[in-house]
Number of protein chains: 2
Amino acid sequence: MSYTYKYPRPALTVDTVVFGLDVDNNKWLVLLVERGGEPFKGKWAIPGGFVNVGESVDDAALRELEEECGVKKVFIEQLYTFGAPDRDPREHVVSVAYLVLVNIKDQQIIAGSDASRAEWFPVKSLPKLAFDHQKILAMAKKRLQGKIRYDPLGFELLPKKFTLTQLQNLYETILDTPLDKRNFRKKVQAQGILRDLGEIQKNVTHRAAKLYSFDKRAYRKVVKSGGHFSF
Amino acid sequence: MSYTYKYPRPALTVDTVVFGLDVDNNKWLVLLVERGGEPFKGKWAIPGGFVNVGESVDDAALRELEEECGVKKVFIEQLYTFGAPDRDPREHVVSVAYLVLVNIKDQQIIAGSDASRAEWFPVKSLPKLAFDHQKILAMAKKRLQGKIRYDPLGFELLPKKFTLTQLQNLYETILDTPLDKRNFRKKVQAQGILRDLGEIQKNVTHRAAKLYSFDKRAYRKVVKSGGHFSF
DNA sequence: CCAAAAGTGTTCAGGCTACACCCATGT
DNA sequence: ACATGGGTGTAGCCTGAACACTTTTGG
């Protein structure tokens, strides 16, 4: 079976930049898949695939994520569309890139899937990537770094229950800069969007920290009343 | 002639939201074209058209802008990609939307072109739009309102030489909020990115204001030294 | 008792807001 | 002279930055 059109069409794909955080070692991670076929066979790439006709581009991104890496129920947001005609050596392929954030602990189900292997890499030491994926990834990094300051995205990378130190480590890791502990805590707590769970860490070899969760409800209230988040 | 593919492909288009500013009447304007054919014949729409194979998506946007409205040499930036399968009643059409800013005075060459009429509409009183163009326009408005605060985009909407009052009016018009004159001037001038041209307005019936231009060179210096613009 | 991380306040400087009057020009 | 917009300074407030010690817990 085949499909014919009056004018030629570029192919349309989605690519999903999936970020995670190694909370214990403070490493910013990205999920890559090894390409099983040409071109760039054996090279690492951002997961992605073709958009089906009749399927929204957003849905295609979600579908590919699940098919290729078993990733489900995640934060996803459109990043940018890459449309240079030579970005794929075979033909003109336009790709809509997405930024995806996951809590690694929830997603240990990764890797096993399709033909291709999936693996987490530290953003700071990446292999050479296929296509223009280096460029896409660079943009995704910049976007996250920019947006995390004024949008409570970061929580997507943490477990549901987290300590203030973990939250601070997250910001320090993504922004690649040290932050003052007291100032950080004051500022975060002043926002009124953390719920103190009344629980503490278990199995730590030192004073146990209080556990918090992100209070989405409170956050929406803040936004509605004209306020806004800023880490 | 026709083109055949193994799998069906969505069509790919670009849509360009072109904003202008009526400096004399402080009106935020958008350029629309009247559709000459079905669907939505006779309705107003955002200018746009199909992406050619072998042509980058950005280039397609520039080409359509010029073909359809005679708009040339402008600020352009990718906005978002709209990919719902039902956004065009004929078939699945994915559209990459662009945000375009022009100085109306430079672009009086508009309107005359292609088959379709082009016309400026005040953003505050728009006709019903074709397709999902209402949604695209809403997004473009929000993007400009958001970005104008921390990126010196606004200058693209003004003539090369402008007064501080015109600049303030621009911000008040786009942000839809009144601003304090003294504070505005202090803040803007503190950024050090305006060049005092040593000229004054002509043909005004009151004290003539000094003319300024945006100093791109100085701006880049500020950015390089870690600073940033904020209106 | 030692190691390791949790938790907590104050001071200072710079930026933001609010606010009102005189100036230059054309008619 | 008057109408119209152009142009200017100050004081209070709030926010952000710098900075060090005590507490809790497990080993």
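Note on naming: letters A, B, ... go to the chains in the order of the sequence lines (proteins, then strands), and numbering restarts at 1 for each one. For clarity, every value in this text was computed on a predicted model and none was experimentally measured.
Counting non-hydrogen atoms under 4.0 angstrom, B/T165 reaches the backbone sugars and phosphates but no base. If you check every strand for non-hydrogen atoms under 4.0 Å, A/K210 touches sugar and phosphate atoms only. Residue B/K186 is in base contact, counting any heavy-atom pair closer than 4.0 Å across all strands shown.
Residues B/D24 and B/K105 are paired through a salt bridge, judged by an N-O separation under 4.0 Å between the basic side chain and the carboxylate. Here B/K124 pairs with B/D176 in a salt bridge; the nearest charged N to carboxylate O distance falls below 4.0 Å. Electrostatic pairing of B/K161 and B/E199 counts as a salt bridge here, judged by a charged N lying under 4.0 Å from a carboxylate O.
Annotation: of the two residues near DNA chain D, A/A208 and B/Q166, the 5′-most nearest-nucleotide partner is B/Q166. Nearer to the 5' terminus of DNA chain C, by closest-nucleotide assignment, is the contact made by A/T205 (compared with the other of A/K181 and A/T205). Closest-nucleotide positions on DNA chain C for A/H206 and B/D180 were compared, and the one nearer the 5' end corresponds to A/H206.
Residue A/F184 contributes atom CZ, which lies 17 Å from atom C1' of D/dT15 at whole-angstrom precision. Rounding to whole angstrom units, CD of residue B/Q201 and P of D/dG7 are separated by 8 Å. Regarding B/Q189, its CD atom lies at a distance of 16 Å from the P atom of C/dG15, rounded to whole Å. C/dC23 atom P lies 20 Å from atom CG of B/L164, rounded to whole Å. Atom pair B/N169:CG and D/dG5:C1' shows a separation of 11 Å (rounding to whole Å applied). The CG atom of A/L179 sits 15 Å away from the C1' atom of D/dC19 (whole-angstrom rounding). Regarding B/R185, its CZ atom lies at a distance of 10 Å from the C1' atom of D/dG5, rounded to whole Å. Atom-to-atom, NZ of A/K187 to C1' of D/dA17 comes out at 10 Å; the value is rounded to the nearest Å.
Below 30°, between 30° and 60°, or above 60°: for A/Y80 and A/F82 the angle between ring planes is above 60°, a perpendicular geometry.
Here the nucleotide nearest the side chain of A/N183, chosen from D/dT25, C/dG7, C/dG9, is C/dG9. For B/R182, whose side chain is taken as the heavy atoms from C-beta onward, the closest listed nucleotide among C/dC19, C/dC23, D/dG16 is C/dC19.
In this structure, A/K187 satisfies the cation-pi test against A/F231, with its NZ or CZ atom closer than 6.0 Å to the six-membered ring centre and inside 45 degrees of the ring normal.
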